[in-house]
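Structure record follows, encoded as structure tokens.
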2 protein chains.
Amino acid sequence: MPSRIDREARKAELAEAAWRVILRSGVSAVSVRTVAEEAGLAVGSLRHVFPTRTELLVYSAELMMERAYERITNLPREGSTEDHVLAVVKNLVPFTEQTRAEMDVNIALIAEATAVPELKVLRDSAHAQIAAACIWLAAALRGEDPDAPSEAATRSGRRLHALTDGLALHLMHRAESEDLERAAEILEDEIRGIAAGRN
Amino acid sequence: MPSRIDREARKAELAEAAWRVILRSGVSAVSVRTVAEEAGLAVGSLRHVFPTRTELLVYSAELMMERAYERITNLPREGSTEDHVLAVVKNLVPFTEQTRAEMDVNIALIAEATAVPELKVLRDSAHAQIAAACIWLAAALRGEDPDAPSEAATRSGRRLHALTDGLALHLMHRAESEDLERAAEILEDEIRGIAAGRN
DNA sequence: ATCAATCTAGCACAGTCGTGCTAATTTAGG
DNA sequence: CCTAAATTAGCACGACTGTGCTAGATTGAT
């Protein structure tokens, strides 16, 4: 047999190629052919790993969410709770090239979910996960037991979540340095507000 | 010549057919053929009005934004400022089937902007318009001259905008009646907060 | 009745798409 | 060395795409 390939590495390679295609030409340009070429592989090789376009798309989405999840859970836990929450939330908003691309790919995949229903369950579980995290963080900010959030903490969490996603969307349009500063300011205010029990 | 057709009406008819296709099968399913069939017309007829797919897509987006703009500016101006602001903002969030479909089409077109750059300018101008409106509304809530918003009003407006868009995004995933209530509650709180000068 | 503008209809081309399928190539294990 | 499995390569099919183009049908104005 030929040199056995690291299947996971190969899948990641292809998913990353798919991301690049999405960023450059939109999700409609993602096909087994374009992605294979972007990855520098033959179509047959791609199809050996992802037999259908749907599988390629689904895995590309999965890996993106997984990477984001790891990046956030591995955030250093030093400093005040407020600092930590801010760090987490900032990772959900396109403040860097990295998260910006992520967000872009994310929107494309969400939009594609109408055509590829398999993507819906991913989208929904990611959403639920972030929603829960926001509530958890809000409870922590208020000094509650995060695993038994009060009604008020739940409300704060949901609000934080909405604010975060809204800012994320906005920074996709305009992300000059002033926009970034303003977004950060709004988030800081909100987090301080929650900690002070104002929201 | 044949019965001269109302060009604007025909264009609207086709744009609405395009919306239906987007809602049913996603924007990638929009082609001159699928939309013509959806509208019950021959491809030639469609192409007589929209020679290219891009023009069809752009007009579909334009009409959607125009409709939303008219719906909102025609909102009855009775009641308190707070009530009016709430009514406006509720029209930017998928609280009804109508606005929900609008939002869905909107996301699809935003995602397609990578592939069809002509859509970007539309997206950006709509965004800027809503941003300005939110600031205007925030100033009004605070009892300022809306056409000369203070720094504080500007900040409130931006925050309201982010919150609105975030909630809009969330209600695209889940929109049970409880979700709608919660979203409405958050918006009401925010608007009260701005009027009270808290935010 | 004729002319001409408008609209409808559809053919044709070159390209891409997803996917089923076969064949060649490569190399680890015996 | 040789077999068998893993991987790469790519052909083929039918379906779809956007768009250029030509005709025919329709009917208002003259």
Side-chain angles (χ1 to χ4, degrees), chain A residues 1-18 20-22 24-61 108-109 111-119, chain B residues 1-18 20-22 24-61 108-109 111-119:
Chain A
M1 16 189 154
S3 62
R4 294 209 40 158
I5 230 164
D6 181 339
R7 234 184 152 77
E8 286 310 308
R10 171 56 60 87
K11 284 168 86 175
E13 221 177 290
L14 287 165
E16 285 165 18
R20 288 194 297 275
V21 171
I22 291 177
R24 192 189 327 120
S25 319
V27 69
S28 59
V30 170
S31 73
V32 290
R33 289 170 174 84
T34 55
V35 173
E37 188 184 18
E38 173 71 34
L41 293 175
V43 177
S45 303
L46 182 149
R47 295 195 53 218
H48 188 65
V49 179
F50 297 121
T52 68
R53 175 186 126 107
T54 297
E55 288 172 72
L56 167 61
L57 239 27
V58 166
Y59 187 81
S60 300
L109 290 170
E112 191 73 0
T114 309
V116 182
E118 289 89 338
L119 290 170
Chain B
M1 18 185 152
S3 62
R4 294 209 42 159
I5 230 163
D6 180 340
R7 234 185 151 79
E8 285 311 307
R10 170 58 59 86
K11 283 168 87 175
E13 220 177 289
L14 287 165
E16 285 165 17
R20 289 196 298 274
V21 172
I22 291 177
R24 192 191 324 124
S25 319
V27 68
S28 59
V30 170
S31 73
V32 290
R33 288 170 173 84
T34 56
V35 173
E37 188 184 17
E38 173 72 33
L41 293 175
V43 177
S45 302
L46 183 149
R47 296 196 53 220
H48 188 65
V49 179
F50 295 122
T52 68
R53 175 187 126 108
T54 296
E55 288 172 73
L56 167 61
L57 238 27
V58 167
Y59 186 82
S60 301
L109 291 170
E112 190 73 0
T114 309
V116 182
E118 288 90 336
L119 290 171

### Query
Looking at D:dT8, C:dC7, C:dA9, which one has an atom nearest to any side-chain atom of B:Ala42?
C:dA9
### Query
In whole angstroms, how far is the P atom of C:dT8 from the NE2 atom of B:His48?
7 Å
### Sugar-phosphate, base or nothing in reach of B:Thr34, heavy atoms under 4.0 Å
sugar-phosphate
### Query
D:dG18 C1' sits how many Å from B:Glu55 CD, rounded?
12 Å
### Query
Taking only residues two or more places apart in sequence, or in another chain, which ones meet A:Glu16 in a salt bridge (charged side-chain N to carboxylate O under 4.0 Å, His left out)?
A:Arg67
### Query
Is the closest side-chain heavy-atom distance between A:Leu41 and A:Leu46 below 4.5 Å?
no
### Task
Any chance you could list the contact pattern along nucleotides 19-24 of chain D? Use B for base contacts, S for sugar-phosphate-only contacts and - for none, protein heavy atoms under 4.0 Å, 5' to 3'.
BBB---
### Query
With a 4.0 Å cut-off on heavy atoms, is B:Val30 in touch with a base, just the backbone sugar-phosphate, or nothing at all?
sugar-phosphate
### Task
Mind calculating the distance between CD (A:Glu37) and P (C:dG18) to the nearest angstrom?
14 Å
### Message
In whole Å, I'd like the distance from the CG atom of B:Asp6 to the P atom of C:dT6.
### Response
15 Å
#### Entry: Length of the line joining A:Leu14:CG and D:dT7:C1', which is rounded to integer Å
13 Å
### Query
How many Å lie between CD on A:Glu112 and C1' on C:dG18, as a whole number?
14 Å
### Task
Would you tell me if any nitrogen or oxygen in the side chain of A:Ser45 comes within less than 4.0 Å of OP1 or OP2 on D:dA9?
yes
### Task
Could you tell me the separation between the CZ atom of B:Phe50 and the P atom of C:dC7, rounded to a whole number of Å?
13 Å
### Query
Partners of B:Arg24 by salt bridge (charged side-chain N to carboxylate O under 4.0 Å, His left out), sequence neighbours excluded?
B:Glu38
### Query
So which pairs with a foot in residues 24-51 of chain B pass ring pair (Phe, Tyr, Trp, His ring centres under 6.0 Å), sequence neighbours left out?
B:Phe50-B:Tyr59
#### Entry: Partner set under side chain to side chain contact (heavy atoms under 4.5 Å, CB included) for B:Glu118, not counting sequence neighbours
B:Thr54, B:Val58, B:Val116
#### Entry: B:Ser31 vs D:dC16: side-chain N/O to OP1/OP2 distance below 4.0 Å
no
### Message
Rounded to whole Å, how long is the line connecting atom CG of B:Leu46 with atom P of D:dG18?
### Response
10 Å
### Task
Could you pull out all residues at least two apart from B:Arg47 that satisfy side-chain hydrogen bond (donor to acceptor under 3.5 Å, both in side chains)?
none
### Task
Report the distance from atom CG of A:Leu14 to atom CG of A:Leu56, rounding to the nearest 0.5 Å.
7.0 Å
